[in-house]
Protein chains: 2
Amino acid sequence: MPENTSLRRGRPGYDQQGILDVAVAAFNEYGYDATSMGVLAERLGLSKSAIYHHFTSKDEILDRALDSALAALEGVLEDADAAGGRAADRLDLVLRGAVHVLVDRLPSVTLLLRVRGNTEVERRALERRRAFDRRVTALVSEAQAEGSLRSDLDASVVARLTFGMINSLVEWYRPGGTETADRLADDVVAVALDGLRMPTSNRVEDLLG
Amino acid sequence: MPENTSLRRGRPGYDQQGILDVAVAAFNEYGYDATSMGVLAERLGLSKSAIYHHFTSKDEILDRALDSALAALEGVLEDADAAGGRAADRLDLVLRGAVHVLVDRLPSVTLLLRVRGNTEVERRALERRRAFDRRVTALVSEAQAEGSLRSDLDASVVARLTFGMINSLVEWYRPGGTETADRLADDVVAVALDGLRMPTSNRVEDLLG
DNA sequence: GACCGCTGACCGACCGTTCGGGTGGGAGGA
DNA sequence: TCCTCCCACCCGAACGGTCGGTCAGCGGTC
């Protein structure tokens with residue numbers, strides 16, 4: 001598997017990444033199961049069997065795509081942990097980082113979020129997702145304990161609702177629109193932390209009264 | 001189609017609803033495309049061909065299931081509109097109502113949220129979903145205009161993020177757990193309207209300073 | 001000339017769907 | 001009460017088509 005393109009010998013053609021990009025786009029459009037190797041080959045402009053020169057199976061294509069999304073998400077957690085500081089600040093980094101990963105790697109993350117766990121490859125991906133969720137939940141707990149977040153809500157419910165909001169971006173966000181990733185991350189954090197209610201509305205008055 | 005069971009003639013067996021429940025559960029487990037009529041028949045304890053006595057096609061099963069979910073969601077909007085009052089109060093009704101529909105009709109709503117629009121049936125369902133989203137967005141706009149919701153966020157982004165949060169419930173909520181529908185609706189509304197930040201935290205102080 | 005990229009024919013399995021025929025039980029007349 | 005008829009219900013076999021995957025060999029490029 002040539003890492004450096006200048007070392008590639010023989011007839012030039014697709015490499016794994018090129019096929020991967022087209023495959024992931026097709027998987028997202030039709031769904032993984034409904035995408036046949038036939039239409040995939042058609043989109044690539046080559047024969048079905050040519051794909052098997054680059055990947056051993058349809059499953060392996062999915063595996064690579066899911067790994068790219070999961071690695072990026074796990075990297076966000078690593079970065080936040082490395083940054084240190086208050087749990088609330090680290091959580092802020094995770095939320096904004098997750099939005100950026102989602103925007104930057106929209107196709108593979110979209111694919112990841114639709115995995116249901118029918119094959120071994122899918123089950124492994126789901127387990128990595130659950131591990132990610134557990135770490136986020138722990139971060140929320142920590143932030144509640146330090147007094148940064150309200151404690152009347154269960155930490156795992158908070159983590160799930162917040163990431164449910166973030167993950168739902170794949171349903172409608174499309175690159176090239178008016179929304180940039182930074183602006184989107186601001187909006188998500190604004191809703192999650194401060195809510196939608198008018199700041200001068202009854203709730204703040206309640207607190208003062 | 002016998003409405004009254006006492007009127008049913010002939011050999012007793014499955015009716016459409018019984019098959020529908022099993023089918024929707026299987027669709028959610030494996031995905032619609034990956035669920036073959038064969039395994040569906042196996043789960044029902046029937047032959048494949050017996051299913052075609054109750055439905056004309058696999059597509060029709062999907063159509064019925066999606067309609068049940070969409071009708072329930074549209075009913076929530078109707079009820080809120082009928083209730084009248086401030087837009088913010090009607091929005092509150094819609095959010096809580098949507099959570100209840102999601103919990104009460106978890107299987108069919110789950111199915112609806114995974115539709116991608118590959119067949120004509122799926123495209124029709126998607127269009128009804130978009131119409132629903134447009135009405136929610138309009139409600140958010142109205143609530144912003146009356147001063148109940150902060151206006152620094154785009155109404156359609158607010159509507160999408162909020163329903164992204166609600167819809168994500170299908171990913172983890174399971175009946176019979178510690179969370180009741182009412183409690184869940186309270187949590188969702190709490191996060192969406194008031195946010196996660198500690199009420200006594202810096203933001204309120206910022207407002208006062 | 002070595003090797004990489006690719007082709008086209010082909011495989012067995014399984015897909016959704018059809019069809020002709022069997023079967024069992026509620027309803028109505030005797 | 002019993003018999004009989006009808007029909008909702010269901011089966012097994014088979015259809016054409018498509019699925020993921022294999023293999024032997026051809027051709028371009030370093």
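Basis for what follows: all heavy atoms, side chains included, without hydrogens, waters or symmetry-related copies. Chain naming here is simple, since letters A, B, ... match the order of the sequence lines and numbering starts at 1 in each.
For the pair A/His54 and C/dC6, the criterion of a side-chain N or O lying under 4.0 Å from OP1 or OP2 is met. For D/dT18, neither phosphate oxygen OP1 nor OP2 lies less than 4.0 angstrom from any side-chain nitrogen or oxygen of A/Ser36.
Between the P atom of C/dC14 and the OH atom of B/Tyr30 lies a distance of 15 Å, rounded to the nearest Å. Nucleotide D/dC23 holds its P atom 18 Å from the CD1 atom of A/Ile51, rounded to whole Å. Distance B/Met37 CE to D/dC15 C1': 16 Å, rounded to the nearest Å. Atom CG of A/Leu62 is separated from atom P of D/dG21 by 12 Å (rounded to the nearest Å). Between the P atom of D/dG21 and the CD atom of A/Glu60 lies a distance of 10 Å, rounded to the nearest Å. Regarding A/Tyr52, its OH atom lies at a distance of 4 Å from the P atom of D/dG21, rounded to whole Å. Rounded to an integer number of Å, the gap from A/Asp33 CG to C/dC15 P is 11 Å. Between the NZ atom of B/Lys58 and the C1' atom of C/dT18 there is a distance of 17 Å, rounded to whole Å.
In this model, a side-chain donor or acceptor of A/Lys48 finds a partner on the base of D/dG21 within 3.5 Å. In this model, a side-chain donor or acceptor of B/Ser49 finds a partner on the base of D/dG12 within 3.5 Å.
For the pair B/Val158 and B/Thr137, the minimum side-chain heavy-atom distance is 4.5 Å or more. With a 4.5 Å cut-off on side-chain heavy atoms, A/Arg114 and A/Asn28 count as touching.
In this view, A/Glu171 and B/Arg116 satisfy the salt bridge (Lys or Arg N to Asp or Glu O under 4.0 Å) rule, not counting sequence neighbours. Checked against salt bridge (Lys or Arg N to Asp or Glu O under 4.0 Å), A/Asp186 has the following partners two or more places apart in sequence or in another chain: A/Arg96. For A/Asp89, the salt bridge (Lys or Arg N to Asp or Glu O under 4.0 Å) partners are A/Arg86, not counting sequence neighbours.
For B/His53, the listed nucleotide lying nearest its side chain is D/dA8; candidates were D/dG21, D/dA8, C/dT18.
Looking at residues 39-47 of chain A, you'll see that no heavy atom sits under 4.0 Å from any atom of DNA chain D.
Within the structure, the ring pair (Phe, Tyr, Trp, His ring centres under 6.0 Å) test picks out no pair touching residues 91-111 of chain A (sequence neighbours left out).
Of the inter-residue distances, the one linking A/Ser108 atom OG with A/Leu113 atom CG reads 9.5 Å to the nearest 0.5 angstrom. B/Glu127 contributes atom CD, which lies 11.5 Å from atom CZ of B/Arg124 (distance to the nearest 0.5 angstrom). A distance of 9.5 Å separates CG of A/Leu20 from CG of A/Asp15, quoted to the nearest 0.5 Å.
Rounded to 10 degrees, the angle separating the terminal helix axes of the helix from C/dG1-D/dC30 to C/dA30-D/dT1, each built from five base pairs, is 10°.
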